Q: 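Dropping the structure in here first, questions after.
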Amino acid sequence: MNAKNAWVERAHSHFSEDFGSSAEWVAVAPGRVNLIGEHTDYNEGLAVPCAVDRRTLVLGAPRGDRKVRVHAWDLDEAGEFLSDAPERRESWLDYVQGVFFALAERGFDLPGFDLGITSTVPLNSGLSSSAALGVALVAGLNAGLGLDLSPSDWARVAHRGENGFVGVQCGLLDHFASALGRERHALRIDCRSQTVEPIPIAGAGFSILLVHSGVERRLADGVYGERVAECRRALGAAQAAGIAPPSARALRDLSEAQLPRLERALDPIEFRRVRHVIGENARADAFCRALVEGDTQSLGTLLAQGQASLREDYAVSTPELDWLCELGSRCDGVVGSRLTGAGLGGFTLHLVVPDQLEAAREQIGEGFRARFGRLPESLTALPSRGAYLEDSV
Ligand code: GLA
């Protein structure tokens with residue numbers, strides 16, 4: 001039995017011990033790392049993530065009543081709610097309840113379930129553990145109840161659960177990456193048209209190294225919501241000044257050519273947020289072209305420009321994240337570095353020539369220890385397939 005099957009088998013045993021019955025389905029969804037296109041999704045822009053080989057398993061069996069019992073084995077915690085009456089608890093259980101809420105909103109009448117969860121996606125680190133949980137749960141309920149939802153819908157339902165129930169105003173990036181990831185591919189996600197194009201990266205000749213800044217972050221923290229609000233205000237101000245048409249829906253509707261007028265019309269902070277979003281959309285497109293062409297020099301330049309913009313214009317970097325990127329830029333074999341995810345903590349991303357991966361990991365780790373007094377955790381991530389159902393049940 002390989003390691004993955006052993007994991008699934010263990011989860012089955014836990015399920016039977018806890019609930020006294022067998023799981024009827026096992027759904028799997030991965031975390032994601034965003035290569036570029038940060039804070040663009042809720043502005044209807046472009047993002048380029050890949051799903052990674054860290055996954056969440058959700059096991060489920062329907063019940064004869066409305067009760068939903070959930071065991072989070074890694075946390076050693078359990079919770080309960082009614083399938084037709086989720087109520088916010090301000091805990092991980094809300095991510096489960098959010099899916100029931102979003103499916104009810106689509107008109108599905110859900111029975112109760114016994115559910116078990118286990119995961120290898122690091123929590124609160126910017127690798128989208130919450131999206132992996134939501135997408136796996138939708139995929140499982142979809143299979144168990146024959147709801148006939150597509151993988152894009154799994155993403156939309158999980159996203160709606162986070163937005164509409166948990167109250168995190170995140171965009172679609174994480175859920176689409178988790179639902180639609182492909183082995184050896186990045187995804188170019190157009191968050192306006194909600195189209196996803198797989199971009200092969202095998203030929204680009206790099207490994208993905210992630211180094212943790214040691215600072216945890218949660219989207220529910222205020223800064224993420226502040227940025228979302230600043231972007232909305234900036235769009236309103238651009239419309240009031242006659243720069244964006246009244247029909248504009250998001251910062252995606254603004255262009256680089258408008259920057260000089262925007263600078264005169266907007267308050268300086270809002271202007272900087274807009275400049276980041278406009279530049280980041282262009283970088284995301286250029287990054288996809290460089291991936292296809294195997295142009296590693298451009299990849300590195302775009303990552304460095306992205307990091308500078310996240311630090312200076314979007315103000316979501318930290319001294320730890322900046323330092324990890326700086327260390328990356330000093331290593332042989334590191335193509336480029338930047339923070340990944342929402343920022344303000346979590347991981348930095350380093351694209352590294354494969355045979356120099358271990359040397360880079362060590363050099364970055366030691367450089368971080370010299371300044372911050374501790375060795376950072378790190379992991380390598382493989383671009384992986386999106387959510388699926390285990391068929392071994
Ligand atoms: C978090 C959110 C995403 C996205 C990124 C920033 O991961 O969940 O929707 O906004 O931050 O790019």
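Atom set for the values below is all heavy atoms of this structure, side chains included, hydrogens, waters and symmetry mates excluded. Quick caveat, the model's predicted, so the values are computed rather than measured. Remember, it's 1-based here, ligands and their atoms both numbered in the order they're listed.
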Q: Closest by any non-hydrogen atom to atom 8 (O) of ligand 1: pick that one out of Leu339, Asp41, Asp174.
A: Asp174

Q: May I ask you to identify, for Arg32, whether its side chain, its backbone, both or neither come under 4.0 Å of ligand 1 on a heavy-atom basis?
A: side chain

Q: Under 3.5 Å between some N or O of ligand 1 and some N or O of Gly171?
A: yes

Q: Using distance alone, decide if ligand 1 has a nitrogen or oxygen within less than 3.5 Å of any nitrogen or oxygen in Asn34.
A: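 N/O-N/O distance under 3.5 Å: no.
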
Q: Can you tell me how the ring of Trp73 sits relative to the ring of Phe15, calling it parallel under 30°, perpendicular over 60° and tilted otherwise?
A: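 It falls in the perpendicular class, over 60°.
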
Q: Would you call Glu263 and Arg261 a salt bridge, taking side-chain N to carboxylate O under 4.0 Å as the test?
A: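 A salt bridge is absent here (no side-chain N lies under 4.0 Å from a carboxylate O).
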
Q: Is a donor from one side chain sitting under 3.5 angstrom from an acceptor on the other, for Ser378 and Arg361?
A: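 Indeed, the side chains of Ser378 and Arg361 share at least one donor-acceptor pair under 3.5 Å.
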
Q: In terms of side-chain heavy atoms, does Arg32 have a donor or acceptor partner in Ser128 at a distance below 3.5 Å?
A: yes

Q: Assess Arg385 against Tyr388: is NZ or CZ under 6.0 Å from the centre of the six-membered ring, and within 45 degrees of the ring's axis?
A: yes

Q: Please identify which atoms of ligand 1 are closer than 4.0 Å to at least one heavy atom of Tyr42.
A: 10 (O)

